[in-house]
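Note on naming: letters A, B, ... go to the chains in the order of the sequence lines (proteins, then strands), and numbering restarts at 1 for each one.
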Protein chains: 4
Amino acid sequence: MLNRVILIGRLTRDPELQYTPSGVAVTKFTLAVDRPFTSQGGEREADFIPVVTWRQLAETCANYLSKGRLTAVEGRINVRNYENNEGKRIYVTEVIADNVRFLESNRTNSNGGGDPFHDDGKSIDIPDSDLPF
Amino acid sequence: MLNRVILIGRLTRDPELQYTPSGVAVTKFTLAVDRPFTSQGGEREADFIPVVTWRQLAETCANYLSKGRLTAVEGRINVRNYENNEGKRIYVTEVIADNVRFLESNRTNSNGGGDPFHDDGKSIDIPDSDLPF
Amino acid sequence: MLNRVILIGRLTRDPELQYTPSGVAVTKFTLAVDRPFTSQGGEREADFIPVVTWRQLAETCANYLSKGRLTAVEGRINVRNYENNEGKRIYVTEVIADNVRFLESNRTNSNGGGDPFHDDGKSIDIPDSDLPF
Amino acid sequence: MLNRVILIGRLTRDPELQYTPSGVAVTKFTLAVDRPFTSQGGEREADFIPVVTWRQLAETCANYLSKGRLTAVEGRINVRNYENNEGKRIYVTEVIADNVRFLESNRTNSNGGGDPFHDDGKSIDIPDSDLPF
DNA sequence: TTTT
DNA sequence: TTTT
């Protein structure tokens with residue numbers, strides 16, 4: 001009924017821009033979010049939270065984000081499941097972002113945002129059935 | 001660095017109160033959170049989000065919540081992992097709640113909140129190493 | 001850069017549906033939000049927070065909300081100012097809602113949502129310059 | 001019943017550390033939060049939102065924040081009122097912060113956090129009756 | 001595995 | 001009264 005998430009953290013890798021078979025842009029990345037009270041004297045602790053963006057936002061994220069950038073994400077928790085090749089049901093939890101703020105400036109990727117309607121061979125991974133709209 | 005979640009949904013079952021070996025109360029339940037735009041004409045869709053509460057809040061939740069109750073939860077996303085019995089690393093995503101609001105009144109469970117320092121045989125499941133504090 | 005508010009409280013009065021001169025619907029109400037730690041043994045304390053909704057959401061709120069209903073609001077803090085008739089600058093803080101959840105069912109107001117393009121004499125109060133879009 | 005705010009913005013001035021008569025530290029500052037969709041071609045628009053922090057957090061903010069720093073604030077909306085010297089009731093809306101994140105590193109103010117129990121002459125402005133705890 |  |  002209400003499902004709202006706000007995260008601030010850093011990208012663990014460069015974001016990955018892909019396209020669904022029908023040409024919808026989707027960008028995925030993982031945010032490392034440091035925990036509030038890290039264990040005394042121990043190593044740094046963080047949660048690694050997968051984030052998914054769609055359409056125009058996906059292209060903007062692919063262009064302006066990169067590994068290590070401090071980033072704020074607003075969205076909702078999405079829980080999906082699928083059957084793996086051993087017939088076992090696997091549950092995946094991701095944050096579907098609808099607002100992303102770049103908190104550190106970044107060299108603009110001159111390689112644009114790609115063309116969502118051109119099959120560049122990266123559209124195989126995400127079925128259209130995953131679309132949240 | 002910042003990790004905040006706010007959910008409103010209904011419990012899919014009665015909450016489960018347990019104790020760690022050292023006697024710390026922990027209550028777990030799942031919230032069914034209806035998605036905003038359900039597919040046109042299709043069946044109802046929801047995310048099923050596991051919620052964990054600790055200590056005093058755990059006991060209060062065990063006493064006042066039950067299956068179907070509309071509930072608001074504030075907390076943070078926690079991602080933990082463990083190795084299953086086939087040696088595979090399993091990732092679990094939960095919301096660690098620090099604030100729970102009961103949006104529908106509920107008959108108080110007269111069976112109190114239990115005694116966190118008494119081993120009632122339900123303390124086997126959650127190792128103290130899971131404690132977030 | 002990021003501005004997000006989530007409130008759960010009760011309406012202090014029935015909501016007021018109005019129209020700007022150009023026919024845009026706007027509904028205003030105040031939420032009484034109980035404070036977390038009320039003074040020991042003292043009277044109930046609450047914050048009274050003004051909420052503004054626009055367009056379709058304004059009409060839905062006018063139809064389904066009424067005094068006393070438990071309601072969740074998502075939105076952003078808006079600070080505006082104007083000069084009063086004594087030439088003094090007055091600052092007004094409101095929450096502009098983009099998502100409202102009715103947490104208690106309510107008799108549907110059979111008197112519909114009104115016609116946003118018909119001047120029913122209630123459009124005098126809010127200048128179009130207040131529009132947040 | 002639930003009252004949660006998350007802001008990201010920049011301080012309009014250096015923060016002001018003060019002490020109540022009983023020696024409780026309080027730091028106030030204003031965040032300039034840029035609006036999402038600024039009017040087309042017009043000037044930049046922002047909300048100027050007053051933030052209040054108490055005790056240890058107040059001292060940390062006074063030490064590590066300064067004008068222009070990008071800052072994330074978590075807290076709740078607080079509405080208080082008082083009678084001005086013309087006998088008119090004035091309403092003040094502030095965000096009481098319980099979590100502040102410094103998103104840009106800052107030269108540490110070597111002038112420490114002050115001594116909350118020493119009257120340095122700055123404790124006149126905030127009555128203890130304003131304390132939110 | 002799921003709630004109204 | 002306002003920040004980059």
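Residues that satisfy the side-chain contact (heavy atoms from CB on, under 4.5 Å) test with B:Arg10, not counting sequence neighbours, are B:Leu70, B:Glu104.
Following rounding to the nearest Å, C:Leu2 (CG) and F:dT3 (C1') show an atom-to-atom distance of 16 Å. Protein atom CG of A:Asn3 is 18 Å distant from nucleotide atom P of E:dT3, rounded to whole Å. Rounded to whole Å, the distance from NZ on B:Lys67 to C1' on E:dT4 is 11 Å. The distance from atom CZ of A:Arg80 to atom C1' of E:dT1 is 19 Å, rounded to the nearest whole Å. In this entry the distance linking CG of B:Leu65 with P of E:dT3 reads 16 Å, nearest Å. Distance, B:Phe29 CZ to E:dT2 C1': 14 Å, rounded to whole Å. In this structure, C:Leu70 places its CG atom 18 Å from P of E:dT4, rounding to the nearest Å. Residue D:Leu11 contributes atom CG, which lies 16 Å from atom P of F:dT2 at whole-angstrom precision.
With distances taken from any side-chain atom of B:Asp34 to the nucleotides E:dT3, F:dT2, E:dT2, the minimum falls on E:dT3. Across F:dT1, E:dT3, F:dT3, the shortest atom-to-atom separation from the side chain of C:Arg89 is found for F:dT1.
Under the ring-ring contact (aromatic ring centres under 6.0 Å, His included) criterion, no residue pair touches residues 81-101 of chain B, with sequence neighbours excluded.
Here the side chain of D:Asp47 pairs no donor or acceptor atom with the backbone of D:Ile49 at under 3.5 angstrom.
For A:Arg4 and C:Glu74, the salt-bridge test passes: some basic side-chain N is under 4.0 Å from an acidic carboxylate O.
Here B:Gly68 lies in heavy-atom contact (under 4.0 Å) with sugar-phosphate atoms only.
Nucleotides of DNA chain E nearest to B:Arg13 and B:Arg10 differ in position, and the one nearer the 5' end is that of B:Arg13.
In this structure, D:Phe48 does not count as stacked on the base of F:dT3 under the 5.5 Å centre distance and 30° plane angle limits.
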